[in-house]
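These notes are about the structure you will find just below.
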Amino acid sequence: MSAPVRPRCWQSDPYSDALRTGRGPLFLRRADGWLLPLDVERWCAGADRADMSVLGRCEGTVLDIGCGPGRLVAALAGLGRRALGVDVSRAAVDRTARAGAPALCRSVFDRLPAEGRWGTALLIDGNIGIGGDPGTLLARTAQLVAPRGLLLAEAAPVDIDERVRVRVDDGRGGAGADFPWARVGVRALLGHARAAGWSAAGEWQEEGRAFVALRRADPAGNAACSAGAVPGQGG
């Protein structure tokens, strides 16, 4: 697995400002000027029907990678599920805490609690793009979940497999530092997943969003983690 690039740029304004206010506009801007709108208002609202289609498939303890303002972790807590969010943005972690949900300000590539014991990992809202290399991210996520653990990931709603450098841009002249990002559709995501040791366990669409379920390979044939308290947040 190649050395990951940690996306510390998400600590920068204008992303932090948008999370603090709960409003956009906010975009990812490529060097050629192309803009990808970011749905800040949806991220800062409660979990919607598409989100609940993901959360209803979770097994055991849940690690939300790139949790943003914490709507999924908060919704899981409301369902009585044990979950932890991780995000490199302090503003995101602070907003998650205000929602009453646990979160750590760390990269997925940093040391995390209970590595190898999470029942489910989430990569939602485009977070398969973290680090700009889906294969590396999927291999890292496989280290975090339990044998036969589950990954629920959101794909781009179009057939795409691209790696780009982008900036967070507020459309009003404010922009952060550039960083690597990736966008993959379902077909490409499944291909990267197979190469990283995941097997397909399902795919579905809800409210125009596309999702896949992936199962971690277990050479020893052990059962997946399916219950228990959220592992300690230290370490």
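When a residue number appears, it is its place in the shown sequence, counting from 1. Quick caveat: nothing in here was measured; it's all calculated off a predicted structure.
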Correct closest heavy-atom pair for C105 and S89 would be SG-C, 4.1 Å
Mind checking the CG-CG spacing from L122 to L55? Nearest 0.5 Å is all I need. 7.0 Å
Share the residues that join V158 in a hydrophobic cluster, the rule being Ile, Leu, Val, Met, Phe, Trp or Tyr side chains under 4.5 Å apart at the heavy-atom level. I160
Looking at side-chain heavy atoms only, is the closest gap between D161 and H192 below 4.5 Å? yes
Derivation and outcome, salt bridge (charged side-chain N to carboxylate O under 4.0 Å, His left out), residues E162 and R30: CA-CA 12 Å; E162 71 172 8; R30 287 193 317 221; 3.5 Å; yes
Is the positively charged end of R57 above the ring of W204, judged by distance under 6.0 angstrom from the centroid and angle within 45° of the axis? yes
Is any NZ, NE, NH1 or NH2 atom of the basic residue among E115 and R140 found under 4.0 Å from an Asp or Glu carboxylate oxygen of the other? yes
Nearest 0.5 Å, what's the OG1-CG distance between T141 and L63? 8.5 Å
Evaluate D51 against R42 for side-chain contact (heavy atoms from CB on, under 4.5 Å), listing each step before the verdict. CA-CA 10 Å; D51 296 329; R42 180 174 63 80; 4.1 Å; yes
Should V88 and V73 be regarded as members of a common hydrophobic cluster, given that ILVMFWY residues are connected when their side-chain heavy atoms come within less than 4.5 Å of each other, either directly or indirectly? no
Hey, does F109 have a side-chain heavy atom less than 4.5 Å from the side chain of L137? yes
Can you tell whether the side chains of D169 and R167 come within less than 4.0 Å, N to carboxylate O? no
Flag, side chain of R95 to backbone of G70, donor-acceptor distance under 3.5 Å: no
Quick check: do V86 and C67 have side-chain heavy atoms less than 4.5 Å from each other? no
Let me confirm one number: the CG-CG distance from L104 to L84, rounded to the nearest 0.5 Å. 5.0 Å
Closest non-hydrogen atoms of E41 and G24, given as atom of the first, atom of the second and distance, are OE2-N, 2.9 Å
Common cluster, F27/V40, ILVMFWY with side-chain heavy-atom separation under 4.5 Å: no
Using a strict threshold of under 4.0 Å (side-chain N to carboxylate O), is an ion pair present between R71 and D125? yes
Out of curiosity, L151 CG to I128 CD1, how far, rounded to the nearest 0.5 Å? 7.0 Å
Sidechain N-carboxylate O distance under 4.0 Å for E59, R148: no
Using side-chain heavy atoms (C-beta onward) and a distance below 4.5 Å, is C58 in contact with L150? no
Any non-hydrogen side-chain atom of V108 less than 4.5 Å from a side-chain atom of L144? yes
Can you tell me if D159 uses its side chain to pair, donor with acceptor, with the backbone of G185 under 3.5 Å? no
Return yes when atom CZ of R163 has more than 12 non-hydrogen atoms of other residues, nucleotides or ligands closer than 6.0 Å, and no otherwise. yes
Ignoring hydrogens and angles, write down the donor-acceptor pairs under 3.5 Å from the side chains of residues 170-177, residues two or more places apart or on other chains.
| residue | atom | partner | partner atom | Å |
| --- | --- | --- | --- | --- |
| D170 | OD1 | R172 | N | 2.7 |
| D170 | OD1 | G173 | N | 3.3 |
| D170 | OD1 | G174 | N | 2.9 |

Measure from the side-chain N and O atoms of T120 to the backbone N and O of V62, and report whether any donor-acceptor pair falls under 3.5 Å. no
Starting at CD1 of I124, measure out to CH2 of W43 and round the result to the nearest 0.5 Å. 12.5 Å
Beyond-backbone contact of W198 with V212, side-chain heavy atoms, under 4.5 angstrom: no
Hydrophobic cluster identity match, V93 and L26, side-chain contacts under 4.5 Å: no
When every non-hydrogen atom of G126 is compared with those of W181, the smallest separation belongs to O-CZ2, 3.2 Å
Locate the shortest heavy-atom distance separating G66 from D87; write the atom from each residue and the value. C-OD2, 3.3 Å
Quick one: do D48 and R209 make a salt bridge, cutoff under 4.0 Å? yes
Report the distance from atom CD1 of I65 to atom CG of L72, rounding to the nearest 0.5 Å. 12.0 Å
